[in-house]
Amino acid sequence: MLLRDFVRAVVSVGLLPKALLAQQTANPAPPPPAPVPWTLGLNPKTPLPVTEAADGIAETEASFFTPAQFTTFTRLCDLLLPSLGNKPGALQAGTPTFLDFLIGSSSEARKKVYSDGLDWLDVEAKTRYKLAFAQLNATQADALIKPWLRTWMTDHPPTERHADFINIAHEDIRVATMNSKVWDDASAAAGQDWVTGGLYWSPIEPDMAGPGAASTPLPPHVMVVPKAAHTMPSYPR
Amino acid sequence: MTDTTFDVLIIGSGHSGGMAAKILTEKGIRCLMLNAGPVADVSRDAQRKPAYDLPYRGFKPPGRLEHVFQASEFNANVWVDEEEVPYTFDPVAPYNWVRVRLFGGRSLFWSRQSFRLSDYEFKGKSHDGFGEDWPIILADLAPYYSRVEEIFQVAGAQDGLPQMPNGSFIPVDSVWSESMQRFIKASQSYNMAVCEQRRAQGRDGLASSVNLLLPDAERTGKLTSIANAVVRQITVDANTGQPNGCHFVDRLSRREMHVKARVVVLAAGTLESTRLLMNSNLGNSSGIMGHFLMDQIYGPGVTCSVPEARNGKATEQLMGGSAIVPRFRNITTKYPKFLRGYALNVTSRMGGVDPRNFAAYGAELRQKLHEYNGSAFYITVMGEVLGRYENHVRINKEKVDAWDIPVLHVETRYTDNEFNMAKDAVEVGCAVADAAGFEVLSKNAVPNPPGYSIHEVGTCRMGDDPKKSVLNKWCQSHDHKNLFVVDGASFVSAGWQNPTMTILALSMRASEYLVGEMSRQNV
């Protein structure tokens with residue numbers, strides 16, 4: 001044994017009774033009950049797990065459009081917004097399946113615009129070219145699409161039959177594609193900041209007992225609004 | 001159990017309620033403010049997110065907020081949910097009731113355009129024979145406008161036009177860009193005045209009740225505020241028949257509560273105040289409560305391109321800036337196609353042009369967007385909607401909201417006067433754009449549904465005759481001297497102007513009158 005180990009051992013023996021005595025008299029905290037309260041230890045320094053949007057990672061199946069409609073729509077997406085330059089097209093952005101989901105969740109009127117429009121497009125292709133729309137070449141498809149394109153202002157899409165579908169679908173396809181992760185990634189790769197973002201407002205003290213929650217009667221989430229922690233603004237008058 | 005009786009109960013916390021709270025508490029009056037929704041804390045409730053991180057990629061969530069055209073997935077949670085607080089209308093005559101119940105109400109989200117009404121509005125009937133004159137004139141309200149403009153830091157120029165009165169503005173000294181100068185020159189044949197915009201700058205980037213009015217009231221120690229208090233009914237004293245407080249329900253717990261006050265000030269927003277009065281069976285001896293609902297036509301406009309700014313040639317000398325063209329029809333001459341008039345908002349912008357302005361797709365569209373980038377010139381319309389008896393709201397006794405409160409039925413339509421006005425505005429916009437050498441890319445002459453402008457006014461109009469009006473010129477009920485309505489419900493005509501400055505000035509004026517009446521023990 002080295003000399004310093006020997007000295008450490010002697011000192012430890014000398015301190016041991018005092019330490020034991022301290023434990024007996026200090027009324028130590030009881031062990032935490034099991035399970036530990038789940039919020040114990042959560043604080044502003046707690047690391048947040050990093051998650052990704054499922055969109056762009058997971059795959060989904062079309063469930064609203066019929067197989068024939070979905071095939072037509074996929075071709076329409078590729079025609080209206082193909083991959084150009086360093087930007088992905090509608091197909092790379094998963095726009096057909098996303099819009100199948102969105103339109104399938106929308107009002108009957110919007111569903112009808114799409115269903116009728118896709119059926120019409122396919123019938124037109126078969127009438128004029130004896131081919132399904134999805135099988136048309138770009139020139140043939142252009143002859144069906146172009147006559148129905150209109151210019152229009154916000155909230156006032158064309159109401160004329162067929163023009164309504166072509167122009168509304170065109171805008172939806174563009175928005176869905178340009179708001180996708182792959183578009184954002186392409187923008188970032190080109191040195192642009194993400195362009196699809198905005199200030200997102202979470203539900204503010206949601207009323208969970210309100211309409212829509214009737215089937216899951218949860219107790220209301222009551223949050224006392226704290227007095228503002230910041231100093232009240234004072235402006236010269 | 002509390003037995004507190006407040007001096008004044010203020011229902012609503014937006015611009016009008018905030019102003020009432022500020023004026024009253026600064027005079028030592030103890031106020032209770034009830035607001036139907038929670039406090040919005042941007043640091044707690046909002047964060048920047050990419051659209052792809054949202055369930056609907058930024059699209060408005062399906063089935064929600066069908067009548068809030070302004071909604072997107074980013075802001076969907078700030079508007080009143082149409083399922084939670086529904087309203088009804090004939091499907092052939094839709095109404096867009098755009099509501100915010102957060103503390104501060106719609107004062108949190110507004111365009112900041114800040115105008116005074118003129119005597120062309122206050123004395124509209126005297127000018128053209130339609131409707132009724134207000135019981136006040138510009139001179140009555142001008143001192144209050146000045147104080148409001150100072151509080152809200154309104155920037156603008158003293159253009160000296162009778163239809164757009166001068167005010168107490170922060171001077172602006174911007175220089176018109178060349179595209180704006182061309183528009184100004186081209187507009188001269190229409191006798192249009194192209195003026196600097198008038199905009200509330202607010203403080204610290206916000207011009208709201210929550211930062212410009214409520215802090216002053218809170219500092220007095222005389223204001224008590226309760227959030228999530230959905231008012232069910234104004235109560236009346238069994239002996240006097242006068243309002244003495246209200247029943248409200250806690251939005252989250254559904255707990256029913258009651259508060260007492262000597263005076264009730266309604267500031268819940270035009271239609272909510274009227275709905276509450278109707279559900280309380282108060283103040284309608286005239287029988288015209290709910291009638292004369294008005295707003296402004298929005299939606300018509302023209303989108304143009306300045307050819308010289310295309311293909312990367314846009315410069316700050318050529319492009320940029322915005323202007324207001326105040327009403328120019330029916331000012332010095334009578335225009336045969338419609339009564340009253342409209343204003344134009346004009347904007348020259350160097351940013352991108354929206355794809356819907358081109359009948360193209362794919363590579364061709366991309367080329368167009370590249371070519372036209374930086375060359376956009378916008379003309380949008382806001383036109384006066386006439387006050388008509390048949391345009392009204394009433395209680396729908398067969399439908400209730402989430403708290404079992406009967407909802408409002410809205411019955412209003414635009415008439416040929418509004419449609420002709422929209423058509424004229426677009427024709428004029430196109431003609432001026434053409435004369436200026438701009439290319440018209442798209443245009444629309446169809447107004448959005450009534451309500452879209454979020455400028456709903458009327459339904460409890462003021463007047464000197466109790467048989468033809470709900471309120472007197474002090475926004476005080478003809479029927480109940482301790483009942484005031486200080487929001488836009490008191491308007492007699494809508495004008496073309498954003499109503500916010502007028503609502504604030506009326507609330508300030510009514511509140512100071514109330515202070516005097518209380519001190520004289522008349523209320």
Side-chain angles (χ1 to χ4, degrees), chain A residues 53 55-56 79-82 84-85 98 102-103 105-107 110 145-146 149-157 167 170-172 174-176 178-184 194 196-212 220-223 225 228 232-235 237, chain B residues 37-40 42 45-54 56-59 62-63 66 69 72-78 81 83-84 102 150-151 203-204 211-212 215 218-219 227-228 251-254 299 301 303 354-363 366 402 441-444 446 448:
Chain A
D55 203 13
L79 286 162
L80 293 180
L81 188 49
L84 294 166
F98 171 76
L102 183 76
I103 302 304
S105 309
S106 298
S107 67
R110 198 163 185 82
I145 295 170
K146 199 81 182 263
L149 287 173
R150 303 283 185 271
T151 62
W152 52 285
M153 292 187 68
T154 310
D155 298 325
H156 293 273
N167 289 277
H170 187 200
E171 172 158 278
D172 287 348
R174 287 189 59 83
V175 172
M178 297 178 71
N179 282 358
S180 70
K181 187 165 190 312
V182 293
W183 187 281
D184 219 68
W194 42 277
T196 66
L199 189 67
Y200 171 75
W201 286 86
S202 301
I204 304 163
E205 294 187 45
D207 174 18
M208 289 191 279
H221 171 73
V222 181
M223 182 185 293
V225 177
M232 286 291 174
S234 179
Y235 303 120
R237 294 279 160 77
Chain B
V39 170
V42 71
D45 302 318
Q47 60 180 311
R48 274 184 63 79
K49 279 192 174 190
Y52 65 77
D53 216 7
L54 305 180
Y56 298 101
R57 288 194 190 180
F59 283 86
E66 186 182 348
F69 290 0
S72 72
E73 191 171 15
F74 287 95
N75 64 25
N77 293 312
V78 307
D81 190 310
E83 287 188 35
E84 193 170 55
L102 302 176
E150 196 281 328
I151 293 171
R203 305 277 189 174
D204 300 329
N211 73 321
L212 300 182
E218 290 175 355
R219 223 180 331 267
N228 297 313
R251 185 176 70 94
L252 301 173
S253 69
R254 266 57 176 175
T303 300
D354 200 291
R356 66 172 72 94
N357 289 292
F358 305 100
Y361 64 90
R366 188 177 74 153
L441 301 178
S442 62
K443 58 186 177 182
N444 169 57
V446 180
N448 288 342

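Below, chain A is the first sequence line, B the second, and so on; all start at residue 1.
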Quick check: does any side chain N or O of [X] sit under 3.5 Å from a backbone N or O of [Y], one acting as donor and the other as acceptor?
X: Arg251(B); Y: Glu205(A); answer: yes
X: Thr151(A); Y: Leu441(B); answer: yes
X: Asn179(A); Y: Arg57(B); answer: yes
X: His170(A); Y: Tyr361(B); answer: no

Contact class of [X] relative to chain B, heavy atoms under 4.5 angstrom:
X: Ile145(A); value: side chain
X: Asp172(A); value: both
X: Arg110(A); value: neither

Residue selection (most heavy-atom pairs with chain A, distance under 4.5 Å) from [options]:
options: Val42(B), Val78(B), Asn448(B); answer: Asn448(B)
options: Ser442(B), Gly299(B), Gly58(B); answer: Ser442(B)
options: Phe59(B), Phe69(B), Phe358(B), Tyr56(B); answer: Phe59(B)

State, to 0.1 Å, how close [X] and [Y] come at their nearest heavy-atom pair, and which atoms those are.
X: Ile204(A); Y: Ala40(B); answer: CD1-CB, 4.2 Å
X: Asp53(B); Y: Ala53(A); answer: OD1-CB, 3.6 Å
X: Lys146(A); Y: Ala359(B); answer: CE-O, 3.6 Å

Would you mind telling me which of [options] has the largest number of heavy-atom pairs within less than 4.5 Å of chain B?
options: Ser106(A), Pro82(A), Ser180(A); result: Ser180(A)
options: His156(A), Lys181(A), Arg150(A); result: His156(A)
options: Pro203(A), Ser107(A), Pro157(A), Ser105(A); result: Pro203(A)
options: Leu81(A), Leu102(A), Leu79(A); result: Leu102(A)

(message) According to ring-ring contact (aromatic ring centres under 6.0 Å, His included), who are the partners of Tyr200(A), at least two apart in sequence or on a separate chain?
(response)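 Counting only residues at least two positions away or on another chain, Tyr200(A) forms no ring-ring contact (aromatic ring centres under 6.0 Å, His included).
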(message) Tell me every residue that passes ring-ring contact (aromatic ring centres under 6.0 Å, His included) with Phe74(B), counting only those two or more places apart in sequence or in another chain.
(response)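 Per chain and number, Phe74(B) pairs via ring-ring contact (aromatic ring centres under 6.0 Å, His included) with no residue.
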(message) Looking only at side-chain N and O atoms, does Arg356(B) offer a donor or acceptor that is under 3.5 Å from a partner on Thr154(A)?
(response)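 Indeed, the side chains of Thr154(A) and Arg356(B) share at least one donor-acceptor pair under 3.5 Å.
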(message) Side chains of Met153(A) and Val446(B), heavy atoms from C-beta outward: is any pair under 4.5 Å?
(response) no
